[in-house]
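Have a look at the structure below, then the notes.
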Amino acid sequence: SGIGGGLMHRNSEGYADPTAGAAFAAISRKERREMSETKKAKEYMNQAYRIDHRINAKIEQVSSLHSLATKATSTLSDMPGSGTRNVTRMEDIIIKIITLENEINADIDTLVDLKRDIMSYIKRVSNPEYQTLLELRYLCFKTWEQVAVDMNYSMQHLFRLHDKALKEITGFLADES
């Protein structure tokens with residue numbers, strides 16, 4: 001522990017580094033609040049990506065259940081005698097498929113609405129380059145590397161532009177809360 005019982009920051013070799021704590025303390029409350037608000041804006045913009053992944057996972061589950069249903073159908077038709085156990089199993093699979101498909105449709109509706117909202121914020125951004133960057137990243141779900149190649153920018157320059165673009169989005173979100 002450091003002065004006053006607080007945590008002492010350590011350098012890469014494990015030695016106490018009082019300058020690291022001082023550097024953090026030098027960041028003003030306003031700067032910390034701005035970083036927190038920018039993080040919230042980024043989380044808001046990333047929601048579409050998470051919903052899209054959830055939809056894709058459910059589509060894979062439906063595909064897997066369809067394969068299972070096909071196996072259950074062939075077992076049902078090939079088996080002589082009582083097939084009631086397989087019929088019940090088939091019904092369960094069909095119910096799961098229908099439930100998942102309903103969830104997927106609801107998620108798609110949510111995704112479309114969210115993308116529309118995100119796009120409305122992006123259109124308000126003043127700089128067309130910022131708009132393109134935000135669309136590629138948050139609506140097309142491209143990686144940073146893909147966005148950099150598409151826009152012909154270095155990663156460092158792309159991140160600088162992204163920070164500026166997110167500050168504008170942060171302002172729009174703050175105005176509406």
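Because only heavy atoms are used, hydrogens play no part in the values below, and waters and symmetry mates are left out as well, while side chains stay in.
- Between K58 and D107 the shortest side-chain heavy-atom distance falls below 4.5 Å.
- Around CG of D175, the count of heavy atoms belonging to other residues, nucleotides or ligands within 6.0 Å exceeds 12.
- In this structure, L158 is not a member of the same hydrophobic cluster as Y49, with clusters built from ILVMFWY side-chain heavy atoms closer than 4.5 Å.
- Counting heavy-atom neighbours within 6.0 Å of Q156 CD, excluding the residue itself, gives a total of 12 or less.
- Of the inter-residue distances, the one linking S64 atom OG with K96 atom NZ reads 10.5 Å to the nearest 0.5 angstrom.
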What verdict does the salt bridge (charged side-chain N to carboxylate O under 4.0 Å, His left out) test give for R124 and E176, after you've listed the backbone C-alpha separation in whole Å, the side-chain angles of each residue and the deciding distance to 0.1 Å?
CA-CA 13 Å; R124 292 170 59 189; E176 293 184 12; 2.9 Å; yes
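- Separation of atoms CD1 (I108) and CD1 (I51) is listed at 11.5 Å; rounding is to 0.5 Å.
- Residues passing the side chain to side chain contact (heavy atoms under 4.5 Å, CB included) test with L173 are A41, Y44, Y121, I169, sequence neighbours excluded.
- A salt bridge is defined here as a Lys NZ or Arg NE, NH1 or NH2 lying under 4.0 Å from an Asp or Glu carboxylate O, and D113 with R116 meets this definition.
- The CD1 atom of I55 sits 4.5 Å away from the CG atom of L111 when rounded to the nearest 0.5 Å.
- Among residue pairs with one or both ends in residues 130-139, those qualifying as side chain to side chain donor-acceptor pair (under 3.5 Å) are Y138-H162; sequence neighbours excluded.
- No chain of hydrophobic side-chain contacts below 4.5 Å, direct or via other Ile, Leu, Val, Met, Phe, Trp or Tyr residues, connects L100 to I95.
- The hydrophobic cluster containing V112 also contains M119, counting ILVMFWY residues as joined when their side-chain heavy atoms lie under 4.5 angstrom apart, directly or transitively.
- With salt bridges taken as basic N to acidic carboxylate O contacts below 4.0 Å, none links E60 and R54.
- The side-chain hydrogen bond (donor to acceptor under 3.5 Å, both in side chains) test applied to N46 returns no partner, not counting sequence neighbours.
- By the rule that hydrophobic residues join a cluster once side-chain heavy atoms approach within less than 4.5 Å of another member, F159 and V149 end up as members of separate clusters.
- Of all heavy-atom pairs spanning A48 and I118, the tightest one is CB-CD1, 4.0 Å.
- Residue I104 holds its CD1 atom at 11.0 Å from OG1 of T99, rounded to the nearest 0.5 Å.
- In terms of heavy atoms, E168 sits closest to V125 at OE1-CA, 3.4 Å.
- Counting heavy atoms from C-beta on, the side chains of T143 and Q146 come closer than 4.5 Å.
- With hydrogens and angles ignored, the 3.5 Å screen pairs a side-chain donor or acceptor of K115 with a backbone N or O of L139.
- The CD atom of E101 sits 9.5 Å away from the CD1 atom of I59 when rounded to the nearest 0.5 Å.
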Begin with the C-alpha distance, continue with both residues' side-chain angles, and end with the deciding distance and a verdict on side chain to side chain contact (heavy atoms under 4.5 Å, CB included) for W144 and L133.
CA-CA 9 Å; W144 288 115; L133 186 158; 4.2 Å; yes
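- Contact annotation: the side chain of L136 never approaches that of F141 to less than 4.5 Å [non-hydrogen atoms, C-beta and beyond].
- In this structure, I97 CD1 and S63 OG are separated by 9.5 Å, a value rounded to the nearest 0.5 Å.
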